[in-house]
Amino acid sequence: MIWDDNDDIRLVRCENLSRDIQDNLNDCREERRPYVFVTDTMREVTNLRRILVPVTMLEEEVYKAEICTYLARKTGAHLILLQAKDYGQKARQNVQRIVTHIRSVAEKTGTDISYEVQEGRKDSFSIYREAADRQKDFGHQLLILTASREYGLDDLIFGPTERRVIRHSQVPVMLINPRADLFSLCD
């Protein structure tokens with residue numbers, strides 16, 4: 001694992017073992033800045049061209065807007081917002097809030113930020129797994145997720161969703177903790 005408190009984003013390198021990933025997830029629970037998991041089984045990413053951002057019905061999904069917009073602006077990457085297929089409107093509203101943020105930043109900075117919205121096949125409870133399973137469909141080099149707020153009993157027994165996604169992902173996975181005092185990236 002690499003630790004440097006001066007970095008804007010924490011990089012976590014580990015083996016693709018459940019225990020190793022979970023230990024690192026536990027170490028990052030209070031992290032305010034985004035952190036990226038890279039395991040020994042993930043392919044090397046040299047050029048960030050496409051970023052997959054699954055969006056669920058949870059309010060904290062909107063926190064991803066700032067991070068994904070910043071990365072798209074700085075790297076020229078294309079954003080794919082994967083909207084959960086829910087019966088309600090919350091996932092759709094969260095996607096619209098992210099799109100509004102992207103357009104606002106693009107207008108203020110005069111930058112062209114490329115993005116698309118796709119509706120997933122799964123609901124908010126399974127969209128992260130779908131994102132990990134459909135990597136060949138999207139051709140992305142980075143996956144951005146929101147970490148679990150708190151671990152429930154099922155997370156303690158079976159493991160949190162983010163651990164499963166990291167284990168099955170072929171590309172680095174960026175996690176953002178849902179906190180009110182999140183770290184903001186500076187230009």
* Spacing of OG1 belonging to T146 relative to NZ belonging to K64, to within rounding of 0.5 Å -> 4.0 Å
* With a 4.5 Å limit on heavy-atom distance, are the side chains of Y87 and M57 in contact? -> no
* Asked: What is the minimum heavy-atom distance between C68 and L79, and which atoms define it?
  -> O-CD2, 3.6 Å
* Is a side-chain N or O of Q141 found less than 3.5 angstrom from the main chain of R50, in a donor-acceptor match? -> yes
* E162 versus R29, closest heavy-atom pair with distance -> OE2-NH1, 4.2 Å
* Spacing of E130 atom CD and F138 atom CZ [to the nearest 0.5 Å] -> 6.0 Å
* Asked: Counting distance only, does the side-chain N/O of T56 pair as donor-acceptor with the main-chain N or O of L58 below 3.5 Å?
  -> yes
* To do: Check the surroundings of atom CD in E44: do more than 12 heavy atoms from other residues, nucleotides or ligands lie under 6.0 Å from it?
  => no
* To do: Taking all non-hydrogen atoms of both residues into account, name the closest pair between V38 and L11 and its distance.
  => CG2-CD1, 3.6 Å
* Do I166 and L17 belong together in a cluster built from hydrophobic side chains that touch within less than 4.5 Å? -> no
* Structure fact -> Tightest non-hydrogen contact, residues V171 and L142, listed as CG2-N, 4.2 Å
* Flag if over 12 foreign heavy atoms under 6.0 Å of NZ, K90 -> yes
* To do: Answer yes or no: is there a side-chain heavy-atom contact under 4.5 Å between I9 and V36?
  => yes
* Is the backbone of H168 close enough, under 3.5 Å, to the side chain of Q170 for a donor and an acceptor to pair up by distance? -> no
* Asked: Is there a side-chain contact between R10 and E31 (heavy atoms, below 4.5 Å)?
  -> yes
* Distance in Å, M42 CE paired with N16 CG, rounded so as to fall on 0.5 Å steps -> 7.0 Å
* Asked: Going through the distances and angles, do E66 and H101 end up as a side-chain hydrogen bond (donor to acceptor under 3.5 Å, both in side chains)?
  -> CA-CA 7 Å; E66 184 178 344; H101 180 78; 5.9 Å; no
* Check the pair Y63 / N177 against side-chain hydrogen bond (donor to acceptor under 3.5 Å, both in side chains), numbers first and verdict last. => CA-CA 9 Å; Y63 295 153; N177 284 332; over 6 Å; no
* **Worked verdict on R33 versus D8 for side chain to side chain contact (heavy atoms under 4.5 Å, CB included)** => CA-CA 7 Å; R33 59 191 165 168; D8 290 337; over 6 Å; no
* Asked: So, the side chain of N94 versus the backbone of E61: is there a donor-acceptor pair under 3.5 Å, distance only?
  -> no
* Asked: Run the side chain to side chain contact (heavy atoms under 4.5 Å, CB included) check on H140 and I51 step by step: do they pass?
  -> CA-CA 5 Å; H140 58 280; I51 300 171; 6.0 Å; no
* Asked: Roughly how far, to the nearest 0.5 Å, is the CZ atom of R97 from the OG1 atom of T100?
  -> 9.0 Å
* Reported CG-to-CD1 distance for the pair L175 and I67, which is rounded to 0.5 angstrom -> 12.0 Å
* Asked: Donor-acceptor pair, D86 side chain versus G88 backbone, under 3.5 Å?
  -> no
* Indicate yes or no: at least one non-hydrogen side-chain atom of F37 is less than 4.5 angstrom from one of R167. => no
* Can you get from V62 to L82 by hopping between Ile, Leu, Val, Met, Phe, Trp and Tyr side chains that sit under 4.5 Å apart? -> no
* Given side chain to side chain contact (heavy atoms under 4.5 Å, CB included), test V12 with D27 step by step and report yes or no. => CA-CA 10 Å; V12 180; D27 289 344; over 6 Å; no
* To do: Give the minimum heavy-atom separation between Q83 and I127, together with the two atoms involved.
  => O-CD1, 4.2 Å
* To do: Quick one: do L52 and R134 satisfy side chain to side chain contact (heavy atoms under 4.5 Å, CB included)? Show the steps, please.
  => CA-CA 11 Å; L52 182 60; R134 293 183 58 200; over 6 Å; no
* Asked: To the nearest 0.5 Å, what is the distance between SG (C14) and CZ (R19)?
  -> 12.0 Å
* Might you point out which heavy atoms bring A131 and L143 nearest each other, and give the distance in Å? => CB-CD1, 3.8 Å
